[in-house]
Amino acid sequence: MIISSLISTYFQPSTNDKEFEKWIATALSAVLDFLENRDGFKIHSDKSPSEISKIFNSSKIPNKGESIARVLNETIENIIKNSVRVSNPYFIGHMTGATPNFLLICDIIISALNQNVVKIETALSATYVEWQTLCWLHRLIYDRSENFYSKVLQNSDTAIGNCCSGGTVGNITALVAARNKAFPNIHKKGIYLSYQKEKCKRAVVIVSERGHYSIKKACAIMGIGEENVISVPCHLFTNKINLSELKKIIKKLTVEKVKIIAIIGIAAGTETGNVDDLSSLAKICKDNNIWFHVDAAWGGALLLSKTHKKIVKGIKNADSVVIDGHKFLYLTLSHSSVLFKNKNSLDTIRHTANYIIRDGSVDLGRTTLEGSRRFDSLKLWFTLKVLGQEGYDLLIKNAIKNAFLLAKLASEHPSFEVTSQPETSIITYRYIPKELKMRMVLAKKIHVTENKKFLAELKNHSFGKKEDFIRVTKKVNSALNKINTNLQKEQRKNGKSFISRTTLQTVWKSQEIVVLRAVPFHPLTNNETLAEILREQEELGNKLFAKIRKRIMNEEAQAIRFFSDFLI
């Protein structure tokens, strides 16, 4: 191929090119076939990961180019057909799922325009779309006056937030702003000199044990250190931060003259979907002059629901908030935003360069940690225009209804136990063989009973000593952990449906429990879908339990006594 041929073939506008139209039609048809899945292919490909890896095992860059038709066919056969069908209503295991069909149009526009929103010279109208979208979100959270927004909407001297590629970058941005407020010169002088000036030997960030892993990642990147992320216990089942424990921690750190950079409220946790008491956290932060950040990557969308926005009451008092569009706002990857109550919070990370983001410019890159970015704000702007708050309200109400429905089905089922309080559209539960469920429910009640009552219950039910009781429950829960782990793996392998899993101390204090984690926010997921998923899980669980039932009884005499009513 010569250069003139390459240019004319691939870089000329192709509005009248029949060949180009054919490529587009072929690609679109393959994508729609994948999304519709009329042939009923598995959610995860028929091929195993090891089989798929062999397709892509060459480390050499191709020397000569191939035809579009050939490469496109290879893409369809090897990539599209071996992708995860996250848009399937039976795929309810993660926060990545169905998106409105019109977002395909947005993604085509974004790729075709190829606007780089770091600077207005490569993103003209895109700059103002992003500004407007950030103002919409800021108003949703903080609801400031019309005068406030008229002043900041297109003012290059202020920055009320950033669009970013994900919640991780949003959390890092917020915590950098919090750190820079706690140590005013740290952005230029560095950690060592700033700590010295403030006579500080240690600085920390506080978050509940349900905090997202990106918090530790952020602190590692910022030089604070992962070990200086202080984890606060949560209440069992509700998974909300224990405010009494938090106050004790703050008091202890204050006595030790440790600098608290920020306290983070969770709205809602990615594992269980529960929301901290944001109003109380805001008051604690205000009383102690501590930055209050809310990680609302999942739960921030609730602000669009008239019915459910009360769940995140108190969020307006946060100094900073992260909301992900590619989660509960149903956008395609990737879209996130970080918003700040104070319009000057981002001034400490404001930067310039000679060739872009110059002083006085309106370039969006002035206050972002990221450099080059896609025009992804178009997706939220477009979707809010099409659906409006009313449309989002309907979607969110339906998603939360699904979570409560699944919780009801699981709690009333003889072979399942709900392991977290439903609040948003995430729910955790686990399989328990029906012959053990009632005994484990009783054991759990005894487990959380304090002192004299605990010992009385043990005596009444002939469990023996407290140590024996704890040892037996740990052994049984360990066996159930293996069953639920293998159940989840088998369900994924079967490919009919998908639920994720995690490990939590959410129902048994000081015992790690493997739970099944569902995120049933797909608009097409319904009662029948959820019931069918549970039926498959019960069948898999029963088969797995049958294999170890005899071994458990033979290995542990105490377990035999513990389950004697059911197993003898």
Side-chain angles (χ1 to χ4, degrees), residues 95 117-118 127 129-144 149 152 158-182 187 205 207 211-219 221-222 261-268 270 278 282 285 291-304 312 315-329 331 333-351 363-371 373-377 379-381:
M95 296 168 165
V117 289
V118 69
T127 298
V129 168
E130 186 158 312
W131 255 339
Q132 184 179 48
T133 307
L134 287 168
C135 275
W136 287 352
L137 291 175
H138 193 278
R139 193 162 196 164
L140 195 64
I141 299 166
Y142 297 110
D143 195 24
R144 301 288 291 274
Y149 292 107
V152 304
T158 60
I160 56 173
N162 293 333
C163 286
C164 43
S165 59
T168 295
V169 175
N171 281 331
I172 293 172
T173 304
L175 291 177
V176 165
R179 183 201 63 180
N180 291 359
K181 184 186 178 188
H187 207 67
V205 168
V207 66
H212 193 259
Y213 67 88
S214 65
I215 305 302
K216 284 190 174 181
K217 191 190 298 186
C219 289
I221 291 169
M222 287 161 36
I261 291 173
I263 293 174
I264 301 172
I266 306 301
T270 52
L278 302 180
C285 288
W291 184 285
F292 180 35
H293 173 60
V294 174
D295 183 351
W298 174 252
L302 298 171
L303 290 165
L304 286 164
V312 291
I315 196 171
K316 67 179 180 180
N317 299 312
D319 292 292
S320 52
V321 177
V322 164
I323 299 176
D324 278 2
H326 55 241
K327 289 188 172 76
F328 213 175
L329 288 172
L331 303 186
L333 289 161
S334 61
H335 183 285
S336 184
S337 298
V338 55
L339 293 309
F340 295 86
K341 180 165 62 175
N342 189 320
K343 63 184 179 182
N344 301 118
S345 290
L346 283 169
D347 284 352
T348 58
I349 63 170
R350 193 179 291 270
H351 40 257
D363 295 340
L364 292 170
R366 292 165 304 138
T367 55
T368 62
L369 297 183
E370 294 173 282
R373 287 187 296 110
R374 275 166 46 102
F375 178 27
D376 283 314
S377 58
K379 293 184 286 194
L380 184 55
W381 182 90

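Everything numeric here is computed off the predicted structure, so don't read it as measured data.
Counting heavy atoms from C-beta outward, Leu339 and Leu134 have side chains that approach closer than 4.5 Å. Taking the side chain as every heavy atom from C-beta outward, Asn171 and Ile215 approach each other to under 4.5 Å.
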| Where do Val207 and Ile266 land on the side chain to side chain contact (heavy atoms under 4.5 Å, CB included) test, with the steps shown first? | CA-CA 8 Å; Val207 66; Ile266 306 301; 3.7 Å; yes
| request: Apply side chain to side chain contact (heavy atoms under 4.5 Å, CB included) to the pair Leu346 and Arg350, showing each step before the final yes or no. | output: CA-CA 7 Å; Leu346 283 169; Arg350 193 179 291 270; 6.0 Å; no
| message | Is there a side chain to side chain contact (heavy atoms under 4.5 Å, CB included) between Met95 and Thr270? Walk through the geometry before answering. | response | CA-CA 8 Å; Met95 296 168 165; Thr270 52; 3.7 Å; yes
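At distances below 3.5 Å, not a single donor-acceptor pair connects side-chain atoms of Lys216 with backbone N or O atoms of Gly211. At least one donor-acceptor pair closer than 3.5 Å links the side chain of His138 to the backbone N or O of Phe340. Looking at His335, its side chain never comes within 3.5 Å of a backbone N or O of His326 through a donor-acceptor pair. Judged purely by atom type and a 3.5 angstrom limit, Glu370 uses its side chain to pair as donor or acceptor with the backbone of Ser165. Of the possible polar contacts, none joining the His187 side chain to the Ile349 backbone as a donor-acceptor pair under 3.5 Å is found.
Atom CG of Leu304 is separated from atom CG of Leu140 by 5.0 Å, given to the nearest 0.5 angstrom. Note that CG of Leu175 is 9.5 Å distant from CZ of Arg179, once rounded to the nearest 0.5 Å. Separation of atoms CG (Leu303) and CD1 (Ile141) is listed at 6.5 Å; rounding is to 0.5 Å. To the nearest 0.5 angstrom, Arg373 atom CZ is 6.0 Å from Leu364 atom CG. For the atom pair NZ (Lys327) and CG (Leu333), the distance works out to 8.5 Å, reported to the nearest 0.5 Å. The distance from the CE atom of Met222 to the CG atom of Asn180 is 8.0 Å, given to the nearest 0.5 Å.
Here the closest non-hydrogen pair linking Ser345 and Trp291 is OG-CH2, 3.7 Å. Between Ile172 and Ala218, the shortest heavy-atom distance links the atoms CG1-CB, 3.5 Å. The two residues Asp363 and Val118 have their closest heavy-atom pair at CB-O, 3.5 Å. Nearest heavy-atom pair, Lys341 versus Ala318, reported as atom, atom and distance to 0.1 Å: CB-O, 3.5 Å. Of all heavy-atom pairs between Val321 and Tyr142, the closest is CG2-OH, 3.7 Å. Shortest non-hydrogen contact noted between Val169 and Cys164 is CG1-CB, 3.8 Å.
Applying the side-chain hydrogen bond (donor to acceptor under 3.5 Å, both in side chains) test between Ser336 and each of Asp324, Asp376, Thr168 identifies Asp324 as the sole match. Checking Val117, Asn162, Leu380 one by one against Glu130, the side-chain contact (heavy atoms from CB on, under 4.5 Å) holds for a single residue, Val117.
Note on ring orientation: taking the six-membered ring where Trp is involved, the planes of Trp381 and Trp136 are parallel (angle under 30°, cut-offs 30° and 60°). Taking the six-membered ring where tryptophan is involved, the planes of Phe328 and Trp298 are essentially parallel, since the angle between them stays under 30° and well short of 60°.
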